[in-house]
J.: 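Can you read through this structure? Questions will come right after.
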Amino acid sequence: MPTAAKSVLPVVLLGCGGVGRHLLRHIVSCRPLHANQGVAIRVVGVGDSSSLLVADDVHSSGLDDALLTHLCAAKSAGSPLSSLLGQGHCQLFTNPEARAKVIDAATTLGRTTGLVLVDCSATYDTVALLKDAVDHGCCIVLANKKPLTGAYEDFAKLASNFRQIRFESTVGAGLPVIASVTRIIASGDPISRIVGSLSGTLGYVMSELEGGKRFSEVVKTAKSLGYTEPDPRDDLGGMDVARKALILARLLGQQISMENINVESLYPSELGPDAMSTKDFLESGLAQLDKSMEERVKAASLKGNVLRYVCVIESTGCQVGIRELPKDSSLGRLRGSDNVVEIYSRCYESSPLVIQGAGAGNDTTAAGVLADILDLQDLFQKTA
């Protein structure tokens, strides 16, 4: 029999894309499990880039599960949140009123029952909202990397009360990378180095090159499998890996910005988006990279090594790009689109802590976000 909820977590979700919709589905499908654990997640508001759907009374009720299910279907079909009016006890606010309503909810709930503001968007535009929420005592959970990779002052503000922020899904989807780093730091074991293959796309591309395949062929295959962005240069430029590396470096205490990270792009500027279309890049630009990549693969192989696109974070700085690594290392054995992270410290000096698994995908990322929300439950007011 389900027990009475001991913890009720009011949630406002920002972002109704793939991750946001999967999160709502997880919340609904996990109701029986959470009820048995004495936890209730109350979704009081859901926002997209232009509007916010909010429960009539955020203090006592949330958006019901039927409405949340309809919301996921509507957003998947490209319909606006306004199409859901009349399907439940809710109100709709459009920008800029929507932003004011989020702040209002943060103000009223942040210092009473508490509120978790969850950012599953992909924009820098949520930073001000998140900082306001922190000022009002709210917890924040992020899948969105951008608020943590802008100005260092923003990162410091958001992480100022570390117990009230969770951002596991910004680095390795559902993999416990942030949690592992945090635990090691908390134990007094200084971390000296982190090496990670943090792009499923580039992990796949690099491992496939070992079989003698052409770089252009592998990238096109990756695109056909859905591993890359519509324009593969969004992956090949390395900026997504750089953002993840920056989050880890800042977590280690480095007060750096993106400008301080040396990022190797896998294509030159003359093949960039400003110089040619995606179609031209795929049809003619990619092939221009085959010869140089083939030479790098062969040179590494002669030394018993393989190429991997990794971030390397040390006390001396942070680099992102291709490295030659031993074939028999955890990173060298990497196949497919998994992520692998090696953490070196005093306790893990000769044999690093290795974390490996699926590091991308809406379902996996949303599961990581849900776990982060539940990790905050002891901070919330217990019901009588």
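Please read these numbers as outputs of a predicted model, since none were measured by experiment.
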J.: So, His89 and Asp57: side-chain donor and acceptor under 3.5 Å apart, yes or no?
T.: no
J.: If the threshold is 4.0 Å, N to carboxylate O, is there a salt bridge linking Asp240 and Lys145?
T.: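 Looking at Lys145 together with Asp240, the answer is yes, because their closest N to O distance falls below 4.0 Å.
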J.: Taking distance alone, no hydrogens or angles, what donor-acceptor pairs closer than 3.5 Å link side-chain atoms of residues 93-103 to residues at least two apart or in another chain?
T.:
| from | atom 1 | to | atom 2 | distance (Å) |
| --- | --- | --- | --- | --- |
| Asn95 | ND2 | Ser49 | O | 2.8 |
| Arg99 | NH2 | Asp132 | OD2 | 3.4 |

J.: Establish whether Leu198 and Ile313 are linked, either directly or via other cluster members, by ILVMFWY side-chain heavy-atom contacts under 4.5 Å.
T.: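 Yes; Ile313 is reachable from Leu198 via cluster members.
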J.: Has Thr365 got a side-chain atom pairing as donor or acceptor with Asn362's backbone, closer than 3.5 angstrom?
T.: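 Not a single qualifying donor-acceptor pair exists.
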J.: Among Arg250, Arg243, Lys244, find the one that has a side chain to side chain contact (heavy atoms under 4.5 Å, CB included) with Leu246.
T.: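 Answer to the side chain to side chain contact (heavy atoms under 4.5 Å, CB included) test with Leu246 among Arg250, Arg243, Lys244: Arg250.
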J.: Could you check whether any side-chain N or O of Ser169 sits under 3.5 Å from a backbone N or O of Gly174, counting only pairs where one atom can act as donor and the other as acceptor?
T.: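 Absent.
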J.: Could you tell me whether the side chain of Thr123 and the main chain of Asp125 form a donor-acceptor pair under 3.5 Å?
T.: yes
J.: Asp154: which residues meet the salt bridge (charged side-chain N to carboxylate O under 4.0 Å, His left out) condition with it, sequence neighbours left out?
T.: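 Salt bridge (charged side-chain N to carboxylate O under 4.0 Å, His left out) list for Asp154, sorted by chain: Lys131.
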J.: Not counting sequence neighbours, which residues clear salt bridge (charged side-chain N to carboxylate O under 4.0 Å, His left out) with Asp56? List them please.
T.: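 Salt bridge (charged side-chain N to carboxylate O under 4.0 Å, His left out) list for Asp56, sorted by chain: empty.
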J.: Among all residues two or more places apart in sequence or in another chain, which pass the salt bridge (charged side-chain N to carboxylate O under 4.0 Å, His left out) test with Arg193?
T.: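 In terms of salt bridge (charged side-chain N to carboxylate O under 4.0 Å, His left out), with neighbours along the sequence ignored, Arg193 is linked to Glu314.
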J.: Flag yes if Val241 and Leu236 sit in one hydrophobic cluster, no otherwise; membership is Ile, Leu, Val, Met, Phe, Trp, Tyr, and two members link when side-chain heavy atoms are under 4.5 Å apart.
T.: yes
J.: Please set out all donor-acceptor pairs under 3.5 angstrom arising from side-chain atoms of residues 73-80, sequence neighbours excluded.
T.:
| from | atom 1 | to | atom 2 | distance (Å) |
| --- | --- | --- | --- | --- |
| Lys75 | NZ | Asp48 | OD2 | 2.9 |
| Ser76 | OG | Arg21 | NE | 3.0 |
| Ser76 | OG | Arg25 | NH2 | 3.4 |
| Ser76 | OG | Cys72 | O | 2.8 |

J.: Scan the side chains in residues 217-226 for donor-acceptor partners under 3.5 Å anywhere in the protein, sequence neighbours excluded, and list what turns up.
T.:
| from | atom 1 | to | atom 2 | distance (Å) |
| --- | --- | --- | --- | --- |
| Lys220 | NZ | Leu282 | O | 3.2 |
| Thr221 | OG1 | Glu217 | O | 2.9 |
| Ser224 | OG | Thr221 | O | 2.6 |

J.: Tell me whether Asn339 contacts the main-chain N or O of Ala360 through its side chain, where contact means a donor paired with an acceptor under 3.5 Å.
T.: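 Not a single qualifying donor-acceptor pair exists.
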J.: Grouping I, L, V, M, F, W and Y whenever their side-chain heavy atoms are under 4.5 Å apart, do Leu53 and Ile27 come out in a common cluster?
T.: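 Result: yes, single cluster for both.
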J.: Flag yes if more than 12 heavy atoms outside Tyr152 fall under 6.0 Å of its OH atom; otherwise flag no.
T.: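 Buried by this count: over 12 neighbours within 6.0 Å.
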J.: Report yes or no: does Gln377 contribute a side-chain atom to a donor-acceptor pair with the main-chain N or O of Leu374 at less than 3.5 Å?
T.: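 At least one qualifying donor-acceptor pair exists.
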J.: More than 12 non-hydrogen atoms from neighbouring residues, nucleotides or ligands closer than 6.0 Å to CD on Glu349, yes or no?
T.: no
J.: Using distance alone, with no hydrogens and no angle criterion, decide if Asp104 and Thr107 have a side-chain donor and acceptor under 3.5 Å apart.
T.: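 No donor-acceptor contact under 3.5 Å links the two side chains.
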J.: Is there a donor-acceptor pair under 3.5 Å between the side chain of Arg31 and the backbone N or O of Ile41?
T.: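 Checked: pair present.
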J.: A cation-pi test, strictly: NZ or CZ of Arg233 under 6.0 Å from the centre of the six-membered ring of Phe281 and no more than 45 degrees from its axis. Yes or no?
T.: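 Pair Arg233/Phe281 counts as cation-pi.
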J.: Say you draw a straight line from CD1 of Ile140 to CG of Leu130; how long is it, rounded to the nearest 0.5 Å?
T.: 5.0 Å
J.: Could you tell me whether Lys157 and Asp135 make a salt bridge, using a distance below 4.0 angstrom between a side-chain N and a carboxylate O?
T.: yes
J.: Where do Arg214 and Glu208 land on the salt bridge (Lys or Arg N to Asp or Glu O under 4.0 Å) test, with the steps shown first?
T.: CA-CA 9 Å; Arg214 295 190 306 275; Glu208 288 293 298; over 6 Å; no
J.: Taking NZ, NE, NH1 and NH2 as the nitrogens, is one of them in Lys303 or Glu324 under 4.0 Å from a carboxylate oxygen of the other?
T.: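 So Lys303 pairs with Glu324 through a salt bridge.
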J.: Is there a path of hydrophobic side-chain contacts, each under 4.5 Å between heavy atoms of I/L/V/M/F/W/Y residues, joining Ile191 to Val354?
T.: no
